[in-house]
Structure formats: C-alpha cells, structure tokens
Amino acid sequence: MSLHRVVALISPPQSPFELACASEVFGTVPPDDGPRYDFSVCAERPGPVPTTAGYAIHVDAGLEALQDADTVVVAAWNPVGAPVPPAVADALRAAHRRGARTVAICTGAFVLARAGLLDGRRATTHWRRTARLASEFPRVQVDPDVLYVDHGDVATSAGTGAGIDLCLHLVRGDQGAAYADQVARIMVLPPHREGSQRQYAVRPAAPRPDSSLAPLLEWAEGRLDGRLTVDRLAERAGVSGRTLARRFTEQLGTSPGQWLLARRLDAARVLLEETDLPVEAVAARVGLASAVNLRRRFRARFGTTPGAYRRTFGRAG
C-alpha cells in the first residue's frame, strides 16, 4: 500500500516535545507490521532551526514539502504571539484546499486560526492559552476543557501530552484500532483517550490511597461480554453510584457509562479488524446485546457501520 505522507511544519524556536509527539506516533513501526506513514519535517526557511531546548534541528525541506502531504502537522508555535509569516499561512491554506488534513498540536492552533482554517469551528489548545485564542479569534469556537477536536479535515489538540492522544486518534481512524494499539503499546501509553476528556483533572483534595480506579478498570475490561452495568461497577468498587461517578469525573473526565460504552466499542473495532465473527457475535462478545444495538452505537460514535469498517480495516482489506 502507498504510505500516508505526514509533514510537520516547524518554526524557531521549536518545542522538541510537540514535534516528538508527531514523529513518535507516525514514525513508529510495529515489529509485526510494515510502515504505514512517511514522516518528514519542513520549515519556512530550510537549515538549522533553533529549539527551546538549546539545540538546533537541521531541516532540509521548505514549504514546498506541504504540496505533497496527506497530513500537515503544526507542532506548536513559539512564542504564542509571534506573527505567522504570510508564506506559511498561504501554504497551509493551499494544502487544506488540496485536501490535506491539517493538524495543530498545542499552540499550533494559533497558526491555523491565523490562516482562517478554524473560522466557525470548535477548536482547542493548551488550557493556559484558550482564553487568549478565544479573544484573538472570536470566530473560533474555543473549547477549553477537551483533549482534542477532530473535524476530519482539521484537528486541534490541547497541550503537550494531548498531542500524542490526538495523533493516536488519527492513526486509529487511518489504520484501525489494532494497529494504533500496537503503536501505543510500543510507546508504553494507554491505547486511547477520548477527545472529550478534560485537559486536566480537578482534584480539590488528595484522593485516598484506595480510591484509584485502575484496578476497577482492569477488572471491567476483562468482563465486557458479561452483564456489566454502572451499578455492578459501583458494587465492585464498594462505593455508591454517586461516589463512583465523582471518581470517574475526577480521574478520567468522563462518566462510568460513557467509559464503559467507549471500551465496548473499541473492543468491537478490534474484533471487526481481526476476526471473521458475525456482527451479532461481535455485539455479544462486547456486551452490546444485539447487532442492532451495535450498529446504532457504532454509527453514532464512528460515523460508519460495522460492516463498512470491517471492509476497510479487516484482515481481508
């Protein structure tokens, strides 16, 4: 298959972490699979690009590299108030018009906003910069509480680690859940965090030593095919439903029901990719009871049907 070309646009002084978010996710090749992406870097002016870490990155390609990109990643922008050169904005708009997916990590959202690519759309950035983004670009619908926002052709992430979450999310959409899980496993990361999760957890007081959800989540993920309900989760945790909901909000930024549904749908994606089980059997394996329920939930979450997803990402495909 042809490789998906990802080009990261960097600028001085470049933050190494945001660039590494993209290079690690799109550049990692699982040992039992072949490469799926061709990752490269460009800058407005090729040559040494200073970084915030005190060293320079040598960049060979200029803005012409964006002309062949399938995905363009703006890996942060420093300082935040720095002007966006007209040539950079023009190149981003041209890539977007041509059909390239345009992605911003952290403060890279300011560059997409300056280019007009976020007008009338939801977007996010680092929580410390969301108020400024909203003030400077009133046509952008800034969401300060989410990890990332993906419109398909344009996507933005919150700060630092959320850039990895967004990149893994894009890989899941491009290559399927099983491939993305392999990449996450190599990077020793959770396989998937929903974009709607909060950027940071609000904890007014230190949690008790026994309040971590990790053991409960591990127990639940091994029993998705059973009659697993929110009440059953609360019973297992030995707390009330209200206390469980509060802990989920504090630690995961989501509700128990939303978390459980997301895990069931993720498990369904993997079964659709790696097995030939009928849709009815897949639904039973992940605790969604019926093919009708799975199809409804699957389309609502992923915008496609289980059958169409299998044709795209299944072993035969």
Side-chain angles (χ1 to χ4, degrees), residues 1-8 17-41 69-71 73 75 101 103 105 147-148 150 152 155 157 160-197 214 217-225 252 254 259-277 279 281-282 285-287 294 298 301-304 306-317:
M1 70 175 65
S2 61
L3 299 181
H4 183 114
R5 291 162 295 190
V6 179
V7 180
F17 185 89
E18 281 76 8
L19 176 60
C21 290
S23 65
E24 284 297 304
V25 174
F26 294 114
T28 294
V29 180
D32 298 329
D33 211 316
R36 305 285 183 92
Y37 294 96
D38 176 12
F39 182 83
S40 61
V41 178
D70 298 306
T71 294
V73 179
R101 179 172 58 194
V103 178
I105 294 176
L147 292 179
Y148 53 83
D150 179 18
S157 85
T160 55
I164 299 177
D165 292 313
L166 173 57
C167 291
L168 285 171
H169 162 78
L170 297 176
V171 170
R172 291 174 80 85
D174 293 342
Q175 313 296 343
Y179 184 89
D181 288 352
Q182 290 185 71
V183 173
R185 192 175 304 116
I186 292 171
M187 296 177 66
V188 197
L189 291 169
H192 184 55
R193 289 203 295 171
E194 295 291 335
S196 59
Q197 289 188 28
L217 303 185
E218 183 177 357
W219 176 85
E221 291 204 23
R223 292 164 174 80
L224 294 177
D225 58 342
L252 300 177
T254 189
W259 179 87
L260 189 56
L261 177 60
R263 297 290 73 75
R264 282 174 163 153
L265 290 174
D266 281 344
R269 292 172 81 175
V270 173
L271 289 173
L272 291 169
E273 293 171 27
E274 298 188 337
T275 76
D276 298 320
L277 288 171
V279 173
V282 171
R285 288 274 189 101
V286 302
L294 173 59
F298 204 90
R301 177 61 62 92
F302 304 121
T304 188
Y309 184 87
R310 171 172 273 164
R311 287 191 293 273
T312 302
F313 296 114
R315 291 180 302 181

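For reference, positions follow the sequence shown, starting with 1. The structure presented is a predicted model; accordingly, all values stated were derived computationally and were not measured.
- Listed by chain and number, the residues in a salt bridge (charged side-chain N to carboxylate O under 4.0 Å, His left out) with Arg101 are Asp174 (sequence neighbours excluded).
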**Asked** Under the side chain to side chain contact (heavy atoms under 4.5 Å, CB included) criterion, do Leu294 and Leu265 qualify, and how do the steps go?
**Response** CA-CA 8 Å; Leu294 173 59; Leu265 290 174; 4.2 Å; yes
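- Using cut-offs of 30° and 60° for the angle between ring planes, the Phe26 and Phe39 rings count as parallel.
- Legend: residues meeting salt bridge (charged side-chain N to carboxylate O under 4.0 Å, His left out) with Arg285, ordered by chain and number and at least two apart, are absent.
- Shortest non-hydrogen contact noted between Glu221 and Leu224 is O-CG, 3.7 Å.
- Across every non-hydrogen atom of Arg269 and Ala177, the tightest pair is CB-CB, 3.9 Å.
- Side-chain contact between Val282 and Arg310: present, with at least one pair of heavy atoms (C-beta onward) separated by less than 4.5 Å.
- You'll find the side chain of Phe313 stays beyond 4.5 Å of the side chain of Leu272, heavy atoms only.
- Residue Asp150 comes nearest to Ala155 through the heavy atom pair OD1-CB, 3.8 Å, listed as atom of the first residue, atom of the second, then distance.
- In summary, of the residues considered (Asp165, Val25, Val103), a side-chain contact (heavy atoms from CB on, under 4.5 Å) with Leu170 occurs for Val103 alone.
- Within the 4.5 Å cutoff, side-chain heavy atoms of Arg172 are placed close to those of Asp266.
- Expressed to the nearest 0.5 Å, how far NE2 of His4 lies from OG1 of Thr71 amounts to 2.5 Å.
- When all heavy atoms of Leu252 and Trp259 are compared, the closest pair comes out as CD1-CD1, 3.9 Å.
- In this structure, Gly163 and Ser157 approach most closely via the heavy-atom pair CA-OG, 3.6 Å.
- The two residues Gly34 and Val29 make their nearest non-hydrogen contact at C-CG1, 3.7 Å.
- Taken to the nearest 0.5 Å, the CG atom of Asp38 stands 8.0 Å off from the CZ atom of Arg5.
- Side-chain contact between Val183 and Pro30 is present, with at least one heavy-atom pair separated by less than 4.5 Å.
- Under the 3.5 Å distance criterion, the side-chain polar atoms of Glu273 are matched with a main-chain donor or acceptor of Ala178.
- Taking the side chain as every heavy atom from C-beta outward, Cys21 and Leu166 never approach each other to under 4.5 Å.
- By the 4.5 Å heavy-atom criterion applied to side chains, Gln175 and Tyr37 are counted as neighbours.
- Inter-residue side-chain proximity for Tyr309 and Phe302 is flagged as unmet; no heavy-atom pair is nearer than 4.5 Å.
- Contact of the Thr312 side chain with the Thr304 side chain is not registered, since no non-hydrogen atoms from C-beta on lie closer than 4.5 Å.
- Separating the CD1 atom in Ile164 from the NE2 atom in His169 is a distance of 15.5 Å, to the nearest 0.5 Å.
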